[in-house]
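The structure presented is a predicted model; accordingly, all values stated were derived computationally and were not measured. Numbers restart at 1 for each chain; the letters A, B, ... are given by sequence-line order, proteins then strands.
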Amino acid sequence: MNFVLSPEHEAFRASVREFAEAEIAPHATEWDRKHHFPVDVVRKMGALGLFGLAAPEEFGGAGEDGDFTSLCVAIEEIGRVDQSMGITLEAAVGLGINPILTYGTDEQKQTWLPDLVAGSALAGFGLTEPGAGSDAGATATKAELVDGQWRINGSKQFITNSGSDITSLVTVTARTGQREDGRAEVSTLIIPSGTAGFVVEPAYDKLGWHASDTHPLTFTDVLVPESNLLGARGRGFAQFLAILDDGRVAIAALAVGCIQACLDLSVQYAGERTTFKVPIGAKQGVAFQIADLQVMAEAARVLTYKAAALKDAGRPMAEFKQAAAIAKLYATEAAVTATRIATQVFGGYGFMEEYPVARFYRDAKVLEIGEGTSEVQRMLIARGLGLPVE
Amino acid sequence: MKIVVCVKYVPDATADRKFNADNTVDRVGVQGMLSELDEYAVEEALKIRDGDESGDAQVVVLTMGPADARAAILKSLQMGADSGVHIVDDAIHGSDSVGSSLLLAKAVERQGADIVLCGMASTDGSMSVIPAMLAERLGVPQVTFASEVTVDGNTVRVRRDGDAATEVIEASTPLVLSVTDQSNEPRYPSFKGIMAAKKKPVEEITLADLGVAAGDVGLEAAWTKVEAYAERPPRSAGAIVTDEDGTGANQLVEFLAAQKFV
């Protein structure tokens with residue numbers, strides 16, 4: 001049993017932390033306030049190789065050297081200074097690159113992956129609709145094959161990295177027919193940015209993740225070549241479910257970064273801020289809450305990296321799926337609790353936007369929602385236990 | 001083309017610094033790192049190598065110091081340097097710039113180098129004399145404090161930004177070049193670079209390998225010696241100027257003038 005990262009993963013953590021502290025941390029508050037998506041920083045993250053940690057060398061990735069654990073390290077460290085850029089990385093890899101890497105034809109991979117891996121382009125994954133989230137069978141977006149082209153009509157919502165200046169494509173799930181059992185046949189299609197009829201609606205006014213690029217998308221008689229089908233026809237839903245398991249662990253890593261930020265900020269503040277002539281860290285009421293933060297950070301980290309290690313070791317899918325759901329559930333709920341504790345440690349200042357804990361407080365909530373809510377995780381865990389849960 | 005980059009392993013400036021009983025810096029018991037100013041030298045070397053059209057250019061990183069100093073080489077290899085040389089010998093302890101430059105010069109001669117690259121200073125000693133001493137010992141031109149470097153064949157052209165003027169200087173290889181923190185933006189090691197560094201060769205050499213006698217380096221041979229040191233005094237409360245009658249600005253200027261800041 002091994003509970004420590006390799007020296008190379010630790011060196012990489014130090015490198016990403018140095019990058020995050022220098023290139024992201026000084027600007028995070030301003031980007032959040034202005035709802036600014038920093039494309040130049042995405043490119044720098046690309047130069048550091050963050051988008052290619054799990055991609056083959058032929059597309060510019062780390063190849064054999066890379067692994068899922070290193071991606072989790074990167075997401076945690078970026079998320080520790082800015083959750084918006086953390087989710088940008090998570091979504092770019094998990095939802096942008098992974099579907100094409102996993103299901104794409106050689107031609108689709110050659111066309112799209114080099115720029116995505118380099119961080120000079122981003123891709124979004126359009127699954128969620130106004131009437132369909134995890135219930136992918138309720139997908140209303142339709143695609144019909146007409147004269148060798150797919151004609152797509154419908155809309156998607158909450159799509160990350162879908163409308164930035166460097167977004168090159170979105171992959172979307174759509175009904176492409178009816179199965180023999182009467183249920184909808186759902187497939188996945190690649191829609192390049194700029195295709196006529198593909199409209200990126202104005203960005204959302206979100207509670208948090210202000211610097212992340214998230215839009216509703218509408219498709220009106222959008223035409224793409226028949227060859228833009230991603231993976232097998234009718235496998236859109238199954239493909240999406242497989243992608244989501246990785247995404248859950250990656251979101252857990254983002255939550256670990258959030259908890260660690262709460263811990264680091266609280267330890268520093270409790271040592272500096274004095275009341276009644278002593279640092280507030282001398283008060284058990286404060287110190288004990290901060291001790292709890294470290295327990296949460298460590299517990300969440302162990303669950304997250306265990307799940308990542310299972311994937312890297314190629315362990316059975318059922319084992320990994322269960323670990324992924326457990327990590328996502330615990331780490332994200334702990335992150336919400338941690339931001340509540342950290343803002344409490346900061347007192348009135350914790351309610352002020354000039355202190356990062358206020359930003360983390362707003363950013364944390366969505367962790368319990370995105371890529372499968374806490375309720376969905378509990379359902380999956382219960383099913384994994386063999387319970388006949390609905 | 002061969003570029004040798006001299007790098008230094010220095011105590012982490014954010015950690016508490018300690019001294020040994022002989023008044024030398026404790027380089028063993030404290031957290032150390034590649035001197036930040038040397039990262040610019042490594043980056044410049046990588047840029048020169050990658051811009052070299054022959055394709056056979058290589059970057060060798062050279063350091064001296066206790067076993068832990070290998071970390072400075074490792075970080076440079078992770079950034080992209082090709083190999084490392086580590087001068088490690090108990091007799092080195094306490095060497096000043098004169099002794100250090102002797103060892104580095106001997107090691108450079110042993111390697112052979114078209115360009116010897118250094119940072120503008122170390123972040124611990126901050127003397128900035130090693131590049132000049134190295135050039136003297138090697139008998140080659142010195143081009144120091146470069147803020148911009150252009151290499152064209154065996155001609156190196158640099159820009160030096162001074163307080164009063166900017167100079168452009170040209171020299172031919174072999175030479176010693178030092179670069180400032182304005183010269184480039186050092187890259188962060190990628191995971192690929194970190195994994196690749198594991199397989200890169202690092203040679204450990206001793207005084208005997210360099211043909212240097214133990215009595216020529218180290219604390220006893222040093223031309224300079226630290227006689228005493230004192231802890232930094234605790235931060236005082238400072239002076240607060242309250243502007244009650246409009247003379248506050250004057251008081252501030254008087255304070256700054258008294259401290260010789262203006």
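For B:Lys47, the NZ atom counts as densely surrounded, since its 6.0 Å shell holds more than 12 non-hydrogen atoms of other residues, nucleotides or ligands. Counting heavy atoms of neighbouring residues, nucleotides and ligands inside a 6.0 Å radius, atom CD of B:Gln58 exceeds 12 of them. Few gaps surround CD on B:Glu203; more than 12 heavy atoms of other groups in view lie less than 6.0 Å from it. When the shell of 6.0 Å around CG of B:Asp152 is examined, it contains 12 or fewer heavy atoms from other residues, nucleotides or ligands. Heavy atoms of other residues, nucleotides or ligands lying less than 6.0 angstrom from OH of A:Tyr349 number 12 at most. Heavy atoms from other residues, nucleotides or ligands lying under 6.0 Å from CD of B:Gln31 number 12 at most.
Within the 3.5 Å criterion, the main-chain N or O of A:Gly61 finds a donor-acceptor partner in the side chain of B:Lys192.
Of all non-hydrogen atoms in A:Phe12 and B:Pro189, the two that sit nearest each other are CD1-O, 4.5 Å.
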Evaluate B:Lys75 against A:Glu18 for salt bridge (Lys or Arg N to Asp or Glu O under 4.0 Å), listing each step before the verdict. CA-CA 13 Å; B:Lys75 173 90 183 270; A:Glu18 202 182 332; 3.5 Å; yes
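None of A:His9, A:Glu10, A:Glu8 except one satisfies the side chain to side chain contact (heavy atoms under 4.5 Å, CB included) rule with B:Ile194; the exception is A:Glu8.
Of the listed residues (A:Ser70, A:Gly49, A:Ala62, A:Gly63), the greatest number of heavy-atom pairs within a distance under 4.5 Å of chain B belongs to A:Ser70.
Contact annotation: the side chain of A:Lys44 never approaches that of B:Tyr188 to less than 4.5 Å [non-hydrogen atoms, C-beta and beyond].
Here CG of A:Leu50 is found 11.5 Å from CZ of B:Phe191. Values are rounded to the nearest 0.5 Å.
Proximity to chain B (any heavy atom under 4.5 Å) is shown, for A:Leu48, by both the backbone and the side chain.
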